[in-house]
Amino acid sequence: MEKVLSDKNLEDLRRSLAGTVLVPSDPEYDTARRGFNALVDRRPAVIVQCVRTDDIAVAFDFARAHQLEVAVRGGGHNPAGHCVCDDGLVIDLSRMRKVEVDPESRIARSGGGATWLDFDSATQAFGLVTPGGVVVSTGVAGLSLGGGIGHLTAQYGLTCDNIIGAELVTPQGDVIHTSTDQNADLLWGLRGGGGNFGVVTRLEFRLHPLKQVVGGRLVYKGSGVREALLRYRDVVTRSPRDLSCQVALAIDESLTPILEIVQCYTGTKSDPEELRTLRSAPGLIEDSVKIHTFLDQQRVIDSTYGANRHYWKGHFVREIPDELLDELLKRIVELGRPPGGMMIESLHGASKDANVPPSAVGFRQAAFNVSVMAVWQNPALDAEQIAWARESTAAIEPWSFNGGGYVNYMQADEPIERVRAAFGTDTFSRLQRLKQKYDPHNLLRRNQNIPPLQ
Ligand SMILES: Cc1cc2nc3c(=O)[nH]c(=O)nc-3n(C[C@H](O)[C@H](O)[C@H](O)COP(=O)(O)OP(=O)(O)OC[C@H]3O[C@@H](n4cnc5c(N)ncnc54)[C@H](O)[C@@H]3O)c2cc1C
């Protein structure tokens with residue numbers, strides 16, 4: 001039911017903020033409420049576009065006073081559509097996108113609503129990087145808080161492994177700082193535990209020197225796809241630390257399988273053996289791998305914002321034996337129509353180092369993240385596409401690492417058991433204690449939710 005806020009209530013809110021208030025009658029409202037996933041179409045009562053830390057506490061107060069549900073919006077990419085709620089209040093951080101870089105100490109301070117384009121542009125100006133997401137319009141905070149897998153995972157670990165500090169506003173309006181020697185329990189929880197504990201207004205990251213990579217896309221079609229997939233699996237299983245690699249399996253209109261290997265090599269060899277192995281697989285129809293800047297690498301993958309309906313589901317797996325690989329090849333044809341597909345991300349290299357910082361991440365020891373991604377436009381296909389994603393995920397389950405999926409890719413309909421499994425029972429209980437401390441009334445529940453310990 002639509003919540004009615006009086007003009008006086010809204011005027012009071014506007015006066016208390018440095019940012020902007022949008023309601024359904026405003027011309028900017030429709031753009032501001034849209035997220036990446038067109039399957040999610042929600043109409044909040046009010047959107048608060050914050051520009052400073054104090055605005056967030058004001059927004060929380062207003063939500064509490066008017067009993068409004070709260071959603072937090074960074075880059076708007078979460079496939080569950082958690083950045084928007086019906087009849088509630090959206091804390092929109094898209095105007096808090098400043099990224100400051102200290103090249104001497106190799107630290108970046110990123111505003112709560114910054115995207116990877118904002119971040120990479122600022123850090124690359126100094127020839128520095130942190131391992132982030134592969135689509136530059138994705139939010140830095142949203143991605144990092146859930147873990148973060150991308151083009152530099154093998155080299156520098158998960159994105160959250162590189163978080164060294166944060167500023168956050170709790171639902172009570174307290175501004176909390178965390179670092180390795182201040183509220184370290186919170187830093188542990190922010191590394192993987194999602195947006196459960198407060199609204200992050202600033203994240204601090206460790207940076208690494210990197211200007212150029214050997215990157216791009218290798219595309220295979222038809223009968224060569226199986227062999228290329230086998231080679232991909234075997235190459236990354238040898239754990240080359242200077243090669244991050246992920247693949248997307250799809251079909252064309254004639255239901256012929258297509259495989260894209262997106263790779264990012266940062267070593268010193270001019271013709272690395274791993275790349276030779278992949279390049280010589282049969283069925284190669286496109287090879288755009290070349291030396292280019294890291295910013296160009298970040299442009300290799302793109303995804304249209306707000307146009308397609310998405311339903312994603314998956315499993316971290318212990319391994320990809322031939323049997324699972326054949327199952328994926330069978331299921332991709334059963335999709336029956338493009339687009340959509342399956343993505344495999346390898347978790348080899350730095351994210352498994354013994355000295356990674358303490359974190360709530362539960363999937364670190366898995367070998368791969370296998371995600372089934374239904375993508376379509378026609379609402380009449382909703383049931384068919386969702387069923388394909390669910391059934392294909394069930395087929396992967398026998399190889400599941402922990403029974404849970406990747407919190408960053410989960411839809412909103414995942415049961416709490418899957419969220420608990422994603423972290424493991426002990427880590428989930430510890431996260432619940434942290435939630436009890438920072439958000440005891442679970443005001444931040446539109447997320448992969450960790451309910452407070454009762
Ligand atoms: C096209 C696409 C590409 C992607 N690529 C990758 C990838 O390469 N690697 C990867 O690991 N993941 C990837 N993801 C998944 C992505 O990391 C998650 O969906 C993430 O939640 C998106 O963050 P966002 O800020 O863009 O989303 P939003 O929908 O705006 O936010 C999602 C949730 O994150 C939390 N949140 C966001 N900002 C804050 C903040 N400042 N403070 C507190 N909580 C916050 C809130 O709970 C919010 O509801 C991708 C998703 C898409 C759609």
Side-chain angles (χ1 to χ4, degrees), residues 32-40 42 50 53 56 69-85 88 90-94 96-97 110-119 131-153 158-160 166-171 189-190 192-203 244 246 248 262 264 298 300-308 310 312 314 343 345 347 351 361 363 369 371 373 375 405-412 438-439 443-450:
R33 75 181 179 89
R34 256 185 50 216
F36 171 82
N37 189 354
L39 189 61
V40 178
R42 301 197 186 110
C50 303
T53 300
I56 292 157
E69 188 187 354
V70 172
V72 179
R73 182 193 184 95
H77 272 61
N78 196 280
H82 285 316
C83 66
V84 61
C85 53
V90 174
I91 298 181
D92 179 345
L93 302 165
S94 59
M96 296 179 71
R97 289 166 54 176
S110 182
T115 64
W116 285 104
L117 183 60
D118 301 322
F119 189 92
V134 299
V135 172
V136 288
S137 50
T138 313
V140 170
L143 181 140
S144 309
L145 297 176
I149 305 168
H151 289 315
L152 297 171
T153 306
L158 302 173
T159 310
C160 70
E167 178 187 86
L168 155 153
V169 183
T170 68
L190 294 180
N196 271 286
F197 311 108
V199 172
V200 172
T201 46
R202 194 180 65 232
L203 277 180
S244 288
Q246 53 178 276
V262 178
C264 181
Q298 290 289 76
V300 171
I301 303 178
D302 197 7
S303 197
T304 325
Y305 192 92
N308 292 319
H310 290 256
W312 300 359
M343 183 164 77
E345 294 161 301
L347 291 167
S351 64
V361 169
F363 58 81
N369 184 23
S371 305
M373 296 170 149
V375 182
Y406 185 25
V407 290
N408 270 353
Y409 297 167
M410 279 184 179
Q411 300 298 138
Y438 290 105
D439 182 18
L443 205 66
L444 292 170
R445 59 181 172 277
R446 193 160 274 283
N447 45 32
Q448 275 72 36
N449 194 235
I450 296 163

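Indexing begins at 1, ligand by ligand and atom by atom, following the structure's order. No hydrogens, no waters, no symmetry mates; every other heavy atom, side chains included, goes into these values.
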Handout entry: Partner set under side chain to side chain contact (heavy atoms under 4.5 Å, CB included) for Thr115, not counting sequence neighbours
Key = Arg97, Leu117, Asp118
Problem - Asn37 side chain to His310 backbone, donor-acceptor under 3.5 Å - result: yes
Practice task
Go through the structure and list residues passing side chain to side chain donor-acceptor pair (under 3.5 Å) with Gln411, not counting sequence neighbours.
Solution key: none
Exercise for the section: State which residues pass side chain to side chain contact (heavy atoms under 4.5 Å, CB included) with Ser137; sequence neighbours excluded, sorted by chain then number. Expected result: His77, Val135
Practice task
Over all heavy atoms of both residues, which pair between Val90 and Val84 is shortest? Give the atoms and the distance, please.
Solution key: CG2-CA, 4.1 Å
Exercise for the section: Start with the C-alpha gap between Leu93 and Ile56, add the side-chain angles, then the distance that decides, and say whether side chain to side chain contact (heavy atoms under 4.5 Å, CB included) holds. Expected result: CA-CA 9 Å; Leu93 302 165; Ile56 292 157; 3.8 Å; yes
Completion exercise
Per the under 4.0 Å non-hydrogen criterion, ligand 1 touches Phe36, Val72, Arg73, Gly74, Gly75, Gly76, His77, Asn78, Pro79, His82, Cys83, Leu93, Gly112, Gly133, Val134, Val135, Thr138, Gly139, Ala141, Gly142, Leu143, Leu145, Gly148, Ile149, Gly195, Gly198, Val199, Val200, Ser303, Trp312, Tyr406, Asn408, Tyr409, Arg446, Asn447
